[in-house]
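Note sheet for the following structure.
It should be emphasised that the depicted structure is a prediction, and the values quoted were computed from it without experimental measurement. The figures here come from the full heavy-atom set of this structure, side chains too, leaving out hydrogens, waters and symmetry mates. Letters A, B, ... mirror the listed sequences (proteins, then strands); counts begin at 1.
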Amino acid sequence: MIKVTLKDDVVKEFESGISAADAAKSLGMGLYKSACVCKVDGAVCDLRTVLDKDCHLEILTFDSNDGKKAFWHTTSHILAQAVKRLYPSAKFAIGPAIDSGFYYDFDVEKPFSPEELEKITAEMKKIVKEGFEVEKFMLPPDEAVKLLEDMDEPYKVELCREHSDKGEDISFYKQGEFTDLCAGPHLMSVSPVKAIKLTACTGAYWRGDSKNHQLCRVYGVSFPKASQLEEHLKMLEEAKLRDHNKIGRELEYFTTVDYVGQGLPVLLPKGARVIQLLQRWVEDVEQSKGCQLTKTPLLAKRDLYKISGHWDHYRDGMFVLGDADDETKECFALRPMTCPFQYQVFLNKQRSYRELPMRLTETSTLFRNEASGEMHGLIRVRQFTISEGHYIIRPDQLEEEFKGCMELAKYFLDTVGLLEDCTFRFSQWDPANPSNKYEGTAEQWEAAQAAMKRILDNIGLEYEIGFDEAAFYGPKLDIQYKNVFGKEDTIVTIQIDMLLAEKFGMYYVDKDGQKKLPYIIHRTSLGCFERTLAYMLEHFAGALPMWLMPEQVRVMPLSENLADKAKEIESKLLAAGIRVTTDLRSEKIGYKIREAQLEKIPYMLVIGNKEVEEGTVSVRSRKNVNLGAMPVEDFIKMAKDEIDSKKRD
RNA sequence: GCUGGAAUAACUCAGUUGGUAGAGUACCUCACUCGUAAUGAGGAAGUCGAGGGUUCAAGUCCCUUUUCCAGCUCCA
């Protein structure tokens, strides 16, 4: 007998050799039926796992993340089985579970059309009805490779060979006529997969390398119950309603124009206003924290980028004016970053250690010739504006200055409401990067990374490691944000650079009279303004905090003969610095309110005869609350408080 | 750059096997002068993204191209 510790520290005795599935059954048929996988002593594994010693056992259902992953992983096998039945010549690559479902990569002659996905879905449902048990078996490496060769699965053979180097037995999973190389874990049977939706069919490179053959990737999601699938699809629909690319256009923050070009959104007055407000705020706060504002050119001769290394590393990503290859003629390029421009400020004269840290910052417009398929609304564009700073510091100032950058970034992100959804990524180099991306010596890199690690650990920041995600000149702390569809991008980055100062000959004279090289921190304080606006539109579903709303208050007279009174109130608000308009149209009040609500105007002031007599305004907030009548002065005070506090809803 | 989908009035979308381009909203005009999410009537509005081709005839079929969307790759 073995002692098995269950949830809430309940201990139960079982016959040694019992499977986790049978243990679950003895705990209750309900649990057994909904069980997906289990955790034995903290490790996620199959319900097939045999328990032969005292252990902790946790049965996981679809409600847990690991349960979902197993459920979706098994669904990906059902997908592969269906594809094999309908397209026998299809070759299989990989088919994992992901955060929002699963995918499987196939090598087929022609990508599947939406109609073909329907057929595949129908076949999957048939397989589920057939109710195969999922069986696991192990083979020694050479036999495993042989089996896959016999199955004529070249991608699987490649994967298997890599695993077989370890010399361990290779696991396979089998359901009906279908067998797949797989580490698992999987459900016990295909039967629980009641509701399936294949969501997309796209291209994906084998092993994620664009030099490799492109495969056909089918994405999908599945649930134990049809109602859960419906709920999931409804949630996706609701996410679409927050999509900045939709509401940003509808609410007239930006638009795009065919003949302007990809990745070059046109900011409409509302979008321009929000970005102006963000910029002014960021510049003011930065200067109050000891930053000095610079204003440097938007383009330079190629010579500048040659010194910085950008010419060699990123020429393809730059907009070059002139013939890049003709060295006899002058050639310019629009700037893709501010670094080498801002360094000229430091280089303007000889610098003393007393002047450091020198914190330079600039509201900087950058140009990057992104590949044509990369552009996305305001999130990924070819021209954008960023608060880009370079702190030129003595080595002994690194920790404090880095922390200062962190605090500043956190303050900005928190104020605009995005911090709570941010994650942190410590982006490191890959010494073996095949395209030779990184400059500098291993010693310099290890030193910079060790310094950053020490700082991050001292702050107690939770972060993940981004291997091979560093800049070419140094490691980064990237603050990441996910859009409504779960796609992640960097919103803020703070980088340690121990290389570029030398390239530009940036020395300071130290206490001992010696010339020394400073360190440079590259940092953004609030990510690129366009991207930040996009995330804010999504986060607030268009209802930006009042201090950032292009229109903060709308005055609405009940009838046209109250127009004068309404204008009077408008001018009082204007005098108080509130952004206000008056709706003088001869429309019903319900109609005016509906429009203002749809435009997310924070406050609506209704003016009727009653208000005029009493000298008040009737205040309605966009949160669908009628706040009743109050003197105009009281409303102004309330509104100013909300604006000045940068309060969020 | 690659794979797939899409583009019809300002917006959201119909438009059958190729046969006279439609609706709702918005816009303009008029009437109504209104109490917290849509007053009524009328009017105007489209080179069917662009270029080429097939055809007696193309929004519809074919080719090229631009832009938008999803994914891959990339992201200083």
Tell me the interatomic distance from [X], atom [atom1], to [N], atom [atom2], rounded to whole angstroms.
{"X": "A/Leu378", "N": "B/rC68", "atom1": "CG", "atom2": "P", "result": "12 Å"}
{"X": "A/Lys623", "N": "B/rA37", "atom1": "NZ", "atom2": "C1'", "result": "17 Å"}
{"X": "A/Glu560", "N": "B/rA31", "atom1": "CD", "atom2": "P", "result": "10 Å"}
{"X": "A/Glu613", "N": "B/rG35", "atom1": "CD", "atom2": "C1'", "result": "14 Å"}
{"X": "A/Phe112", "N": "B/rG4", "atom1": "CZ", "atom2": "C1'", "result": "13 Å"}
{"X": "A/Glu587", "N": "B/rG40", "atom1": "CD", "atom2": "C1'", "result": "11 Å"}
{"X": "A/Ile601", "N": "B/rU36", "atom1": "CD1", "atom2": "C1'", "result": "15 Å"}
{"X": "A/Arg594", "N": "B/rU39", "atom1": "CZ", "atom2": "C1'", "result": "14 Å"}

Practice problem: Identify which one of A/Leu500, A/Thr493, A/Ile494 satisfies the side-chain contact (heavy atoms from CB on, under 4.5 Å) criterion when paired with A/His522. | Solution: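 When side-chain contact (heavy atoms from CB on, under 4.5 Å) is applied between A/His522 and each of A/Leu500, A/Thr493, A/Ile494, only A/Leu500 qualifies.
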
Quiz item: Out of A/Leu378, A/Leu267, A/Leu533, which residue meets the side-chain contact (heavy atoms from CB on, under 4.5 Å) rule with A/Tyr253?
Solution: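 In the set A/Leu378, A/Leu267, A/Leu533, the residue that makes a side-chain contact (heavy atoms from CB on, under 4.5 Å) with A/Tyr253 is A/Leu533.
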
What distance, rounded to whole Å, do you find between the two [atom1] atoms, one in [N] and one in [M]?
{"N": "B/rG46", "M": "B/rC11", "atom1": "P", "value": "13 Å"}
{"N": "B/rC13", "M": "B/rC32", "atom1": "P", "value": "38 Å"}
{"N": "B/rU39", "M": "B/rU33", "atom1": "P", "value": "15 Å"}
{"N": "B/rG22", "M": "B/rC48", "atom1": "P", "value": "14 Å"}
{"N": "B/rA44", "M": "B/rC63", "atom1": "P", "value": "40 Å"}
{"N": "B/rA38", "M": "B/rA26", "atom1": "C1'", "value": "12 Å"}
{"N": "B/rG24", "M": "B/rA9", "atom1": "P", "value": "16 Å"}
{"N": "B/rU25", "M": "B/rG40", "atom1": "P", "value": "9 Å"}

Which nucleotide, if any, forms a Watson-Crick or G-U wobble pair with [N], using both distances under 3.5 Å?
{"N": "B/rA23", "answer": "B/rU12"}
{"N": "B/rC61", "answer": "B/rG53"}
{"N": "B/rU39", "answer": "B/rA31"}
{"N": "B/rA7", "answer": "B/rU66"}
{"N": "B/rG18", "answer": "none"}
{"N": "B/rC72", "answer": "B/rG1"}
{"N": "B/rU47", "answer": "none"}

Self-check item: Protein proximity profile, nucleotides 69-76 of chain B - base contact B, sugar-phosphate-only contact S, no contact -, cut-off 4.0 Å on heavy atoms
Solution: SBBBBBBB

Quiz item: Where along nucleotides 5-13 of chain B does protein come under 4.0 Å, by heavy atom, of base (B) or sugar-phosphate alone (S), with - for untouched nucleotides?
Solution: ---------

Phosphate oxygens OP1/OP2 of [N]: is one of them under 4.0 Å from a side-chain N or O of [X]?
{"X": "A/Tyr591", "N": "B/rA26", "answer": "yes"}
{"X": "A/Arg620", "N": "B/rA37", "answer": "yes"}
{"X": "A/Thr256", "N": "B/rU67", "answer": "no"}

Just to be sure I understand the rule, does [X] reach a base, reach only the sugar-phosphate, or reach nothing, if contact means heavy atoms closer than 4.0 Å?
{"X": "A/Ile593", "value": "base"}
{"X": "A/Gly608", "value": "base"}
{"X": "A/Asn561", "value": "sugar-phosphate"}
{"X": "A/Leu562", "value": "nothing"}
{"X": "A/Lys592", "value": "nothing"}
{"X": "A/Glu611", "value": "base"}

Quiz item: Between A/Leu264 and A/Ser372, which has a closest nucleotide on RNA chain B that is more 5'?
Solution: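 Its nearest nucleotide being more 5', the pick is A/Ser372.
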
Quiz item: Between A/Glu595 and A/Asn624, which is nearer to the 5' end of RNA chain B once each is assigned its nearest nucleotide?
Solution: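 Here A/Glu595 is the residue nearer the 5' end.
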
Between [X] and [Y], is there a donor-acceptor pair closer than 3.5 Å when you use the side chain of the first and the backbone of the second?
{"X": "A/Gln444", "Y": "A/Thr441", "value": "yes"}
{"X": "A/Lys592", "Y": "A/Arg585", "value": "yes"}
{"X": "A/Arg335", "Y": "A/Pro297", "value": "yes"}

Quiz item: Quick one: the side chain of A/Glu116 and the base of B/rG4, do they pair up donor-acceptor inside 3.5 Å?
Solution: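 In this structure, the two groups form no donor-acceptor pair.
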
Quiz item: Hey, is the side chain of A/Gln262 pairing donor to acceptor with the base of B/rU67 inside 3.5 Å?
Solution: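 Side chain to base: no pair below 3.5 Å.
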
Exercise. Using the side chain to side chain contact (heavy atoms under 4.5 Å, CB included) rule, take A/Tyr155 and A/His213 through it: C-alpha gap first, then chi angles, then the decisive distance, then the call.
Key: CA-CA 11 Å; A/Tyr155 299 101; A/His213 183 59; 3.5 Å; yes

Quiz prompt | Closest non-hydrogen atom pair between A/Glu538 and A/Arg242, with its separation | solution =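 So the two residues come closest at O-NE, 3.0 Å.
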
Does this structure show an ion pair linking [X] with [Y], if we count only N-O contacts that are shorter than 4.0 Å?
{"X": "A/Arg207", "Y": "A/Glu158", "answer": "yes"}
{"X": "A/Lys234", "Y": "A/Glu237", "answer": "no"}
{"X": "A/Lys246", "Y": "A/Glu250", "answer": "yes"}

Quiz item: Under 3.5 Å, is there a donor-acceptor pair linking the side chains of A/Thr616 and A/Glu611?
Solution: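 Per modelled atom types, A/Thr616 and A/Glu611 side chains form no pair under 3.5 Å.
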
Practice problem: Evaluate whether atom NZ of A/Lys306 has more than 12 neighbouring non-hydrogen atoms of other residues, nucleotides or ligands under 6.0 angstrom away. | Solution: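 For A/Lys306, atom NZ is crowded (more than 12 foreign heavy atoms under 6.0 Å).
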
Self-check item: 4.5 Å side-chain heavy-atom contact, A/Lys503 and A/Leu499
Solution: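 In short, these two side chains do not touch, never coming nearer than 4.5 Å.
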
